[in-house]
2 protein chains.
Amino acid sequence: MVDKKTKDWSGCPVRFGMSQFGDKWSFLIIRDLMFKGRQYYHEFIDAGEGISTNILASRLADLENNGIITKRRDPQKGSRYLYRLTKKGVDLMPMMLAMIDWSEKYDSGTEVPKRFIDQLRNNPDQLQQEIIENLSN
Amino acid sequence: MVDKKTKDWSGCPVRFGMSQFGDKWSFLIIRDLMFKGRQYYHEFIDAGEGISTNILASRLADLENNGIITKRRDPQKGSRYLYRLTKKGVDLMPMMLAMIDWSEKYDSGTEVPKRFIDQLRNNPDQLQQEIIENLSN
DNA sequence: ATAAAACACTTGCAAATAACAAGTTTAAAT
DNA sequence: ATTTAAACTTGTTATTTGCAAGTGTTTTAT
């Protein structure tokens, strides 16, 4: 559970954000959903970040409770669930992109494709539109 | 320590960000420095978020090691230290502003001044300049 | 010059959280 | 009807956090 004690805290927008998605694993799940095309439980597990199954289940439940993702049966294969960003989740994109921009600037080892970072800096609105269109609905 | 195991991880910009400032307390310290004019240890303690002294000391050391803040003696009062954002720290502002924008949109209880949020949405560059000018150098 | 106060930590310990491994449940395919 | 796959859940151990109290350095007061 992310920031259980202050779940209902309100007033400061930074603290509100932290209470909604403010831990490492939540950020990585949102990244997977937003930029990597991952949408199944096993894809998050296999992403290679080393998240434990109980923590993944807990974070997915938190994000769902906070209205950032939805969970439903996969119509193609009913034994598994399909996780998707809601509008509220997609609206985190400017923040995620700002973070990517910053990291690309300060981490020499970052691996953002040149085309991505160029477009992020020259035409962020179009980049965002393209990413949104790529999210299956 | 924030994300000790993956301190030197590189490749993914989101994960890099998480390794540099990716926990609740680091975000709140950056918020204090960036928007609230706080720059002393005791001001972070007194901010009312309930951070423990050991955790604050640990996070300040992490942020300093990561080049996001600097620590020096206060020229006015040598018994205390002055914490400041570096350029690298100030460059987190777009991300922080994007987060504030999102929270204001989704948290009815948020308390961002109307003038701030209007300017954020209409003229973010100017808002940013004003905030930077307010940071004492 | 010495003692007291302010400030920024540091340490020790109990409580909470996360990681790891193994087991359970539900639906699908055979 | 049985087996397999997928998504958890549970139990245990390790790590991190929160809390209370103590320490070291610099400033202020006497």
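So you know, we letter chains A, B, ... as the sequences are listed, proteins then strands, and number each from 1.
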**Prompt:** CD1 of B:I69 versus C1' of C:dA8: gap in Å, rounded?
**Reply:** 14 Å
**Prompt:** Hey, does B:Y41 reach any base, or is it just sugar-phosphate, or nothing, if we go heavy atoms under 4.0 Å?
**Reply:** base
**Item:** Spacing of A:Y40 atom OH relative to D:dA7 atom P, expressed in whole Å
**Value:** 9 Å
**Asked** Taking OP1 and OP2 of C:dT17, is either one under 4.0 Å from a side-chain nitrogen or oxygen of A:W25?
**Response** no
**A:E130: partners by salt bridge (charged side-chain N to carboxylate O under 4.0 Å, His left out), with sequence neighbours left out** = A:R115
**Fill in**
Taken to the nearest whole Å, NZ/B:K24 to C1'/D:dG18 is 11 Å
**Message:** B:E43: which residues meet the salt bridge (charged side-chain N to carboxylate O under 4.0 Å, His left out) condition with it, sequence neighbours left out?
**Reply:** none
**Complete:** Here the distance between atom P of D:dT16 and atom CG of B:L56, to the nearest Å, is 18 Å
**Complete:** ring pair (Phe, Tyr, Trp, His ring centres under 6.0 Å) filter on A:Y106, not counting sequence neighbours, yields A:W102
**Prompt:** In B/S/- notation, 5' to 3', how is nucleotides 21-30 of chain C contacted by protein heavy atoms closer than 4.0 Å?
**Reply:** BB----SS--
**Asked** Looking at B:Y83 versus B:Y40, is the centre-to-centre ring distance below 6.0 Å?
**Response** no
**Among B:L63, B:I29, B:I69, side-chain contact (heavy atoms from CB on, under 4.5 Å) partner for B:L85** = B:I69
**Request:** Output all residues satisfying side-chain hydrogen bond (donor to acceptor under 3.5 Å, both in side chains) with B:K105, sequence neighbours left out; order by chain, then residue number.
**Result:** A:D91
**Asked** Distance check: side-chain N/O of B:R59 vs OP1/OP2 of D:dT17, anything under 4.0 Å?
**Response** yes
**Length of the OH-P vector between B:Y83 and C:dA8, whole Å** = 7 Å
**Fill in**
B:H42 NE2 to C:dA6 C1', in whole Å, measures 10 Å
**Prompt:** Residues two or more places apart in sequence or in another chain: which of them pass ring pair (Phe, Tyr, Trp, His ring centres under 6.0 Å) with B:Y81?
**Reply:** none
**Prompt:** Tell me: CZ of A:F44 to P of D:dC8, nearest whole Å?
**Reply:** 10 Å
**Complete:** Rounded to whole Å, the CD1-P distance (B:I45 to D:dA20) equals 13 Å
